[in-house]
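Comments concern the structure below.
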Amino acid sequence: MSASLSHPQATLTRDRILSADRRYLWRPYTAHEDHQSRDPIVVQRAEGSWLYDIDGRRYLDGNASWWTCNLGHGHPRLREALAKQCETLIHCSLADTTHEQAAMLAETLCEAAPSGLERVFFSDDGSTAVEMAIKTAFQFFQQNGEAERKRFVCFGGAFHGETVGAMSVSGMPAFHGAFGPLLFDRFEVPQANDEEEWNRNIAALIEQLDAHGQDVAAVVLEPMVMGAGGMRFWSSKHFRAVAEATKRAGALLIADEVFVGLGRTGTLWACEHGDVLPDFLCSAKSLSGGMLPFAATLVTERVYEGFRGGKSRALLHGHTFCGNPLGAVIAREVLAIYRDERVLEGIPERSERMRQALSALAAALPSLRNPRVLGMVAAFEIAPQTRSGYFDNAGWRVAEAAKRRGAYIRPLGNTMYLVPSLNIPLGDLDMLLDILVASTREVLLASDPNAHASAP
Ligand SMILES: *Cc1c(COP(=O)(O)O)cnc(C)c1O
């Protein structure tokens, strides 16, 4: 066995890997039946916008591998930074020790963040970045004379992670409903499905905060786009109004930028759309370029100061791998690449191509709803199932059709979306859009008697 241990990939076939996968792996959010019956792509390597499977087929990565590879797979500078860091320091704790990578990344992040965020706490992933913010907001008020501030406000349709605290402030019953009795009490802003509902719900929230905000610790939100909840866009105007009401109520604002941060919506931080300074800004996913689990929670000096005054007032939170040098060096390099390669400047042209492809598709397919693009997020809904069952499982059927054509795309329920790398080469982006358009047409035209067969 020692030969196969030292070259774990060299001799294995697709079937060998799949049989171990089906026998021993437990996959996230996957029904056992689907695990056994659906054929996954067995990825062997990845580069730029492409995943290569073990049989030599390639697939455009339509979701940047769960929204992490904003700079594509295996950017040469990131590989090099990682390899170089491995030569000196791979890990040490941040307990009576510190190191260049954590300290300098903290400085760089504060310089890059909305002005006023001046301290950085490192953790492992998006869930822990949010969990830390929730616990910190709670402890902040407990020890600063406002112990009655215990409630959290969150949004229906929002997703903030998998830990119990993060689940408690998420508004996704499909993911977290089973844990209902375990979660702490919160006030949830109902999910809105159109602009009018948004106006109504935000007005009601602001009224609540103004009248009864004295027991609220924090408002937790995903600025501009609720990702896992179905790529639901909301306006910068509403975002800003909520931020202002939160401040008036004396509560803290937790901006979860785990998905929307680092250029995804066209600006480096989604908070910039509303010109909002949150008390907490949570970053993960693409922060470490899709290479390692790594996260940061940025806070204002006011929050940090609330923990001054001796041991008994210190923050009661910490993770074993916080500030890991490999994650930190990559995050530093990620930010340097954004600057050197002017990554954000390339987004408007790519946005425009996505917008054009989606509107042409929507014009041709009456059952397609709400095509929308912000920065490097493109999404639309396939109309819900009709009486005759035309659209049963349509999202997955489109994904399957896309796979046959050479793209890896995952639906969120009946929402189809693309979240490619921010710097995807234009030729790859056009190919990805062509595949999405053709696959959607294939599935919907086969099922929708009202579609125009002559459309593009
Ligand atoms: C993915 C996600 C999280 C959780 O991040 P993990 O790294 O999966 O723990 C939290 N918030 C948002 C907005 C996310 O998209």
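All ligand and atom numbering here is 1-based and tracks the order in the structure. The figures here come from the full heavy-atom set of this structure, side chains too, leaving out hydrogens, waters and symmetry mates. Note that the coordinates shown come from a computational prediction; the quantities given were computed from them, not determined experimentally.
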Establish, for the pair Arg45 and Trp50, whether the NZ or CZ atom is under 6.0 angstrom from the six-membered ring centre and no further than 45 degrees off its axis.
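Arg45 over Trp50 ring: no.
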
Is the Lys NZ or Arg CZ of Arg186 less than 6.0 Å from the centre of Phe152's six-membered ring, within 45° of the axis?
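Relative to the ring axis of Phe152, which defines the angle, Arg186 lies outside at least one limit.
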
Any nitrogen or oxygen of Gly126, side chain or backbone, less than 3.5 Å from one on ligand 1?
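Between Gly126 and ligand 1, an N or O pair is found under 3.5 Å apart.
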
Taking distance alone, with N or O pairs closer than 3.5 Å, would you say Lys285 contacts ligand 1?
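Looking only at distances, the answer is yes, because the N/O contact criterion of under 3.5 Å is met.
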
Does the side chain to side chain donor-acceptor pair (under 3.5 Å) test come out yes or no for Ser127 and Glu162, once each step is laid out?
CA-CA 6 Å; Ser127 304; Glu162 303 290 27; 6.0 Å; no

Under 4.0 Å, heavy-atom basis, I'd like to know which part of Trp67 is in contact with ligand 1: side chain, backbone, both or neither.
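It is the side chain that touches ligand 1; the backbone stays farther off.
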
Would you mind telling me if ligand 1 is within reach of the side chain of His160, the backbone, both or neither, using heavy atoms under 4.0 Å?
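Answer for His160: backbone.
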
Run the salt-bridge test on Arg240 and Glu244 with the 4.0 Å N-O cut-off and return the result as yes or no.
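The answer is yes: the pair qualifies as a salt bridge.
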
Nearest non-hydrogen protein atom, atom 9 (O) of ligand 1:
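Protein heavy atom at minimum distance: Ser127 OG, 2.6 Å.
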
Which residue holds the protein heavy atom closest to atom 11 (N) of ligand 1, what is that atom called, and what is the gap in Å?
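For atom 11 (N) of ligand 1, the nearest protein heavy atom is Asp256 OD2, 2.7 Å.
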
If we count only N and O atoms by modelled type, under 3.5 Å, do the side chains of Asn414 and Arg369 hold a donor and an acceptor together?
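On atom types as modelled, these side chains do not qualify, holding no pair under 3.5 Å.
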
Proximal ligand 1 atoms for Phe259, defined as those under 4.0 Å from one of its heavy atoms
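Reading through ligand 1 atom by atom, the close ones are 15 (O).
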
Taking only heavy atoms of Asp125, which atoms of ligand 1 are found under 4.0 Å from at least one of them?
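Once the distances to Asp125 are compared, the set is 7 (O), 9 (O).
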
Could you report the tightest heavy-atom contact between Phe259 and Val377, atom names first, then the distance?
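Closest pair (atom of Phe259, atom of Val377, distance): CZ-CG2, 4.0 Å.
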
Main chain of Ala270, side chain of Glu257: is a donor-acceptor contact present, judged purely on distance under 3.5 Å?
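Between the backbone of Ala270 and the side chain of Glu257 there is a qualifying donor-acceptor contact (under 3.5 Å).
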
Could you establish whether Glu222 and ligand 1 come within less than 4.0 Å of each other, counting only heavy atoms on the residue side?
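True for this residue.
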
